[in-house]
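We name chains A, B, ... by the order of the sequence lines, and we start the count at 1 in each one. Side chains included, hydrogens not; waters and symmetry mates left out as well; all remaining heavy atoms used.
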Amino acid sequence: MTSKKRKFRSLFVVILIALLYLSTSSTKVISNQALVPLSIIVHGKLIITDAENDTKSGENPTTNIHLGLTPELNNSIVSGKSSIRIRTNLSNWKLLAQRVDQSNNTIIINPQDIKLLFTTQTGSKANPYAGKLVSPFDGITNLSQISSAKSTDVLMGNSKTSIDKDPTNKNNWFQLTSTYSISPDFFYDKGEWNTVISYNLVSP
Amino acid sequence: MHQYKKKYIIFSFIIFAFLKPENALACFSITDDFNSPDPVLNITFNFEPDLEPFRECWSGALRIRSTKRNWRLVATRRGPNPAVNQGDSSDNIKPSDISIEFEVKGFGEAQADGAILVSPFSSETDLSSIRNGTLIISGVKRSGGSCTIHNPNFYKLKKKLCLFRDYVFNTGYYNGDISYILVAP
């Protein structure tokens with residue numbers, strides 16, 4: 001074997017060994033992993049909306065009720081109502097009410113003369129037993145039961161209002177309807193009487 | 001040319017073809033959108049339930065570079081598990097409550113059809129689809145001739161995770177993670 005041939009063969013062997021090494025070594029990794037830590041924090045929420053405008057813009061509503069009386073012999077009751085919707089993911093909550101009589105009243109109507117009835121209703125994804133009306137509001141009562149001196153418990157909640165997932169938060173409401181009514185008695189003077197009842201949803 | 005040289009050259013071609021030199025010099029890398037290697041992308045959903053916006057979403061991206069024609073991206077999920085929370089366990093946030101949507105694009109020399117999202121990740125699905133070593137992308141083409149972290153040839157994997165701000169979920173903390181690994185078959 002000539003020297004030239006020997007050199008060529010040596011070079012070939014070296015290249016072959018290098019290729020074998022490279023092909024059997026694992027694929028070069030510069031960086032091959034990513035980590036995505038996932039953290040979820042769900043806070044508690046209490047919300048009241050207007051049943052007539054059950055959207056974000058209907059939050060913390062003011063609903064006006066106007067009872068216009070003209071005394072009548074047939075004594076037909078005049079009534080008006082408003083409905084609010086409650087949503088919460090807290091398991092312990094309550095609805096408080098407080099009455100504030102207005103100073104611009106020109107006649108005297110006794111809050112006892114105004115009958116008050118609370119009823120509850122729920123959407124298809126809400127728990128009808130999430131909240132319970134507190135006595136005496138679990139039957140027909142009158143407006144004097146809502147104190148003007150301090151907050152009065154109206155509804156006690158012992159579980160979240162949702163009973164199931166709701167794809168749009170449209171049907172997971174717990175609704176409270178309050179109906180106010182008064183007889184058109186000839187006893188009342190002509191004039192106007194106003195009061196404000198504020199409802200507050202809290203979690204102890 | 002000498003007869004022995006011809007023999008060596010023919011033999012070299014056969015060996016060369018057999019050894020697949022593209023494998024011999026192959027490499028791959030995974031970075032975040034800022035080209036940081038082995039990235040950690042934190043997702044935090046910190047919310048109260050509400051009427052609107054009803055969905056809360058997080059988006060992030062990874063860059064994949066491979067000089068190999070065959071590569072795979074696999075993922076493994078842990079959780080999310082409740083850490084400190086209250087309520088019935090059926091109302092805890094579950095993997096199926098978190099939607100996930102992937103999108104892959106090729107940049108530079110990386111061709112769009114070189115990285116294929118595997119079903120069910122080819123359309124929106126949820127986190128329960130990711131388990132242990134779940135195949136997310138089947139790579140059939142290289143991204144380019146280099147996998148150094150600053151080269152402009154890469155596949156970009158966008159991820160979007162969303163969670164409904166539903167009133168049904170128990171309050172509290174939930175933790176988990178998803179790890180992605182780029183591997184050669």
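The ring of B:Trp71 has its center closer than 6.0 angstrom to the ring center of B:Tyr155.
Most heavy-atom pairs under 4.5 Å with chain A: of the set B:Val40, B:Asp177, B:Ile93, B:Val168, this distinction falls to B:Val168. Taking B:Thr44, B:Asn42, B:Asp50, B:Thr31 one by one and counting their heavy-atom pairs under 4.5 Å with chain A, the maximum is reached by B:Asp50. Between chain B and the options A:Thr55, A:Thr168, A:Asn127, A:Ile40, heavy-atom pairs under 4.5 Å are most frequent for A:Ile40. Contacts with chain A were tallied for B:Val183, B:Thr148, B:Asp38, B:Asp88; B:Asp38 has the most, counting heavy-atom pairs under 4.5 Å. The greatest number of non-hydrogen atom pairs below 4.5 Å with chain A, out of B:Ile98, B:Asp97, B:Asp91, B:Asn46, is found for B:Asn46.
The two residues B:Glu109 and B:Gly144 make their nearest non-hydrogen contact at OE1-CA, 3.7 Å. Of all non-hydrogen atoms in B:Tyr167 and B:Leu51, the two that sit nearest each other are OH-N, 4.2 Å.
If you measure heavy-atom distances from B:Leu163 to chain A, the contacts under 4.5 Å come from the side chain alone. Using a 4.5 Å cut-off between heavy atoms, A:Asp164 contacts chain B through its backbone alone, with no side-chain atom that close. Using a 4.5 Å cut-off between heavy atoms, A:Leu90 touches chain B through its side chain atoms alone. Contacts between A:Lys160 and chain B at a heavy-atom distance below 4.5 Å involve the side chain alone, from C-beta outward. Residue B:Arg77: no heavy atom, backbone or side chain, is found under 4.5 Å from chain A. Residue A:Thr49 touches chain B through its side chain alone, counting heavy-atom pairs closer than 4.5 Å. Interface residue B:Ile149: only side-chain heavy atoms are found under 4.5 Å from chain A. Contact annotation for B:Asn170: both backbone and side-chain heavy atoms come within less than 4.5 Å of a heavy atom of chain A. For chain A, the nearby part of B:Phe54 is the side chain; its heavy atoms alone come within less than 4.5 Å. For A:Asp166, the parts lying under 4.5 angstrom from a heavy atom of chain B are both the backbone and the side chain. With a threshold of 4.5 angstrom between heavy atoms, B:Leu62 approaches chain A through side-chain atoms but not through N, CA, C or O.
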Test side chain to side chain donor-acceptor pair (under 3.5 Å) on A:Tyr129 and A:Asn158 and set out the steps.
CA-CA 8 Å; A:Tyr129 306 106; A:Asn158 55 17; over 6 Å; no
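A salt bridge is defined here as a Lys NZ or Arg NE, NH1 or NH2 lying under 4.0 Å from an Asp or Glu carboxylate O, and A:Lys170 with A:Asp54 fails to meet this definition.
Counting only distance, with no hydrogens or angles, the side chain of B:Ser122 and the backbone of B:Leu117 share no donor-acceptor pair below 3.5 Å.
Interatomic distance, CG of A:Leu117 versus OG of A:Ser181, reported as 8.0 Å (0.5 Å rounding).
Shown here are the ring pair (Phe, Tyr, Trp, His ring centres under 6.0 Å) partners of B:Phe154, two or more places apart in sequence or in another chain: B:Phe107. Checked against salt bridge (charged side-chain N to carboxylate O under 4.0 Å, His left out), A:Glu59 has the following partners two or more places apart in sequence or in another chain: A:Lys56.
Put simply, the side chain of A:Ile107 does not reach to within 4.5 Å of the side chain of A:Lys190, judged on heavy atoms.
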